Student: 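Have a look at the structure that comes next, please.
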There are 2 protein chains.
Amino acid sequence: MAYVDRGFNSGGGRISPTSAEFARAGIQNDCTLRPARHPQHSVLFYEGDKAERVYELDEGVVMLFKLLPDGRRQVVEILNAGSVFGLSAGEVYDCSAESLTPVKVSTLDRNSLETSPSLQRHVTRCLLSQLETLHDHAVLLGRKSAMERVSTFLMRLVPNRGGFGCVGPTEEAGEDSRSVTLHMTRQEIADYLGLTIETVSRVISEMKRKGLICIDRQDQIRIVNICRVCQMTGMH
Amino acid sequence: MAYVDRGFNSGGGRISPTSAEFARAGIQNDCTLRPARHPQHSVLFYEGDKAERVYELDEGVVMLFKLLPDGRRQVVEILNAGSVFGLSAGEVYDCSAESLTPVKVSTLDRNSLETSPSLQRHVTRCLLSQLETLHDHAVLLGRKSAMERVSTFLMRLVPNRGGFGCVGPTEEAGEDSRSVTLHMTRQEIADYLGLTIETVSRVISEMKRKGLICIDRQDQIRIVNICRVCQMTGMH
DNA sequence: CCTTTTGATTGATCTGGATAAATTCGGTCG
DNA sequence: CGACCGAATTTATCCAGATCAATCAAAAGG
């Protein structure tokens, strides 16, 4: 899938700061919990970096991704406010983290992570929800068609519909049409859904043609008929 | 401990203390542990069942899988001794669990799970290693070819090669050839790798033809040249 | 303004893996 | 031992999605 990775050198050629640079900038010392802000397309850490901090996302959206040596990319997680990330089983991060929007992140203290039961419960809850999301995503990547993948992706963006609780064909009027913001380019969506950019584009066009969705703006999609889209996810 | 559990290497290397050890250390009370044995192909729980027990695998291999309404199946995890499973973010299990071999499992006490910091650390370590395995698996499902998937699968079965540390072309003689046990039918492998049974079969035949592997028994494969196989995983 | 760049869309073709249909292998039971 | 049955393999097509190649549209920059 040899393409030039935009994420790594976005914004006019400058390579995004490494976590080493963040550390140098003195954003915080080890045992504090001071929030930091980063603009869109900031790389918070790279796969293989020494895993020395654990983050909690306060605002914004972050994606975690992995690269193969030949440049193929897979986005493995999309994280929203409340998510804990950067915890690693080994010495180094197993994937890279990049902000999809401007973000506010806190650093969690490694020591209290080990000792505070309430913080541990919080972390466990986060990890469990990530695990379940990844299980769902494995089904998507391993078994779903392009149309099903894109439909699933759109439904996940609808608040309170992450679990796709489709209430039925006759629902409160107006509730059937919802607008969602992607926060992602077509390339990022493709790398998340295990497709090519062209296939994503084609599927979105087809959904538009069928009147299922409207493209208000490039990254703003209005789902005209939630229930119809919901039924195309392969889960109903 | 630096060793990262890929969630999938068979053989001796135990990862972190099992609950049996916690029990010995007096961390849990008596009624928490009920070690039980189940034969091969036992379903320990179904997706959607009320999630009332948390398990720890003491011996054997367990697979977790999800089904789509039309019958498509995706195996989302393969678990070895030491893994904790059955913890759920919600009220119910998000996937089903079935033994691939005869297994011995313990049940963890929900109460100590919430309160014991050392048990929590243990659980967190397990979850993190599962998370990393799932990240790798997302790359496999989203971006790898059939040949790369099967090669990766075989390499994961080689103990101490979960991370695919290929030592180089000239390695201690004999060490270059290893035998692995699959514990899975072709159908289960296919459902794990996001392929069909036919494709798995064809790829295995091709590897056999090329002299990369030997099929000693149906579920027993001898990897004749680890390094060659290692290079076909897409990661080198 | 016009030019350049970047991302999205569309079209034409190709192909890896799916599908379908025999065939062979490995047990098991009578 | 031989008949039988399910799983695995093999072989022959088929098609969804990849690849290759323009084209279009919106910003960015001079």
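The structure presented is a predicted model; accordingly, all values stated were derived computationally and were not measured. We use all heavy atoms of the structure for the numbers below, so side chains are in, but hydrogens, waters and symmetry mates are not.
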Student: Okay, side chain of A/Arg149, backbone of A/Leu193: is any donor-acceptor separation there less than 3.5 Å?
Tutor: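 Yes; at least one donor-acceptor contact below 3.5 Å.
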Student: Answer yes or no: does a side-chain N or O of B/Arg186 lie under 4.0 Å from OP1 or OP2 of D/dA7?
Tutor: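 Checking B/Arg186 against D/dA7: no side-chain N or O falls below 4.0 Å of OP1 or OP2.
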Student: Between atom CG in A/Leu182 and atom P in C/dG7, what is the gap in whole Å?
Tutor: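 Value for this atom pair: 15 Å.
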Student: Rounded to whole angstroms, how far apart are CE on A/Met207 and C1' on C/dT10?
Tutor: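 Rounded to the whole Å, the gap is 19 Å.
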Student: Using atom CE of B/Met184 as one end and atom C1' of D/dA8 as the other, report the distance to the nearest whole Å.
Tutor: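 Taking atom C1' of D/dA8 as the reference, CE of B/Met184 is at 16 Å.
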Student: Any base atoms under 4.0 Å from A/Ser205, or only sugar-phosphate, or nothing? Heavy atoms, all strands.
Tutor: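 Result for A/Ser205 = sugar-phosphate.
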Student: Is the side chain of B/Glu132 donor-acceptor paired with the backbone N or O of A/Ser88 at a distance under 3.5 Å, no angle test?
Tutor: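 Judged by distance alone, no pair lies under 3.5 Å.
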Student: Where the side chain of A/Lys208 meets the backbone of A/Ile215, is there a donor-acceptor pair that is under 3.5 Å apart?
Tutor: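 No; judged by distance alone, with no hydrogens or angles, the pair does not exist.
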Student: Taking B/Gln220's backbone N and O only, do any of them form a donor-acceptor pair with B/Thr181's side chain (distance below 3.5 Å, no angle check)?
Tutor: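 No: the side chain of B/Thr181 does not pair with the backbone of B/Gln220.
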Student: Looking only at side-chain N and O atoms, does B/Gln218 come under 4.0 Å of OP1 or OP2 in D/dT9?
Tutor: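 Checking D/dT9 against B/Gln218, a side-chain N or O does come within under 4.0 Å of OP1 or OP2.
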Student: Separation of B/Gln220 atom CD from D/dA8 atom C1', in whole Å?
Tutor: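 Going from CD in B/Gln220 over to C1' in D/dA8 covers 17 Å.
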Student: In whole angstroms, how far is the P atom of D/dA7 from the CG atom of B/Asp219?
Tutor: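 Going from B/Asp219 (CG) to D/dA7 (P), I get 15 Å.
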Student: Drop me the distance from B/Leu195's CG to B/Gln187's CD, to the nearest 0.5 angstrom.
Tutor: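 Interatomic distance, B/Leu195 CG to B/Gln187 CD, rounded to 0.5 Å: 11.0 Å.
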Student: Quick one: B/Gln187 CD to D/dT9 C1', roughly how many Å, whole number?
Tutor: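 Rounded to the whole Å, the gap is 14 Å.
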Student: Taking A/Thr152 for its side chain and A/Glu148 for its backbone only, find out whether a donor-acceptor pair lies under 3.5 Å.
Tutor: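 Yes; at least one donor-acceptor contact below 3.5 Å.
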Student: Which of parallel (below 30°), tilted (30 to 60°) and perpendicular (above 60°) describes B/Tyr192 and B/His137?
Tutor: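 It falls in the parallel class, under 30°.
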Student: Specify the separation, in whole Å, of atom CD of B/Glu206 and atom C1' of D/dT11.
Tutor: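 Nearest whole value for this atom pair: 15 Å.
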Student: Please check: side-chain N/O of A/Asp136 versus main-chain N/O of A/Thr133, any donor-acceptor pairing under 3.5 Å?
Tutor: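 The answer is no, because no donor-acceptor pair under 3.5 Å joins these two groups.
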Student: When the distance from CZ of B/Arg217 to C1' of D/dA8 is rounded to whole Å, what number comes out?
Tutor: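 One finds 15 Å between C1' of D/dA8 and CZ of B/Arg217, rounded.
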Student: For nucleotides 15-18 of chain C, tabulate all protein N/O to nucleotide N/O atom pairs closer than 3.5 Å, reporting atom names and distance.
Tutor:
from: C/dG17; atom 1: OP1; to: B/Ala146; atom 2: N; distance (Å): 2.8
from: C/dA18; atom 1: OP1; to: B/Thr196; atom 2: N; distance (Å): 3.4
from: C/dA18; atom 1: OP2; to: B/Thr196; atom 2: N; distance (Å): 3.4
from: C/dA18; atom 1: OP2; to: B/Thr196; atom 2: OG1; distance (Å): 2.9
from: C/dA18; atom 1: OP2; to: B/Thr199; atom 2: OG1; distance (Å): 2.3

Student: What pattern of brackets, bars and dots sums up DNA chain C from 5' to 3', given Watson-Crick or G-U wobble pairs under 3.5 Å, [ ] for crossing pairs and | for another strand?
Tutor: ||||||||||||||||||||||||||||||
Student: Out of A/Arg72, A/Arg186, A/Arg73, which one pairs with A/Asp191 under the salt bridge (Lys or Arg N to Asp or Glu O under 4.0 Å) rule?
Tutor: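 Option passing the salt bridge (Lys or Arg N to Asp or Glu O under 4.0 Å) with A/Asp191: A/Arg73.
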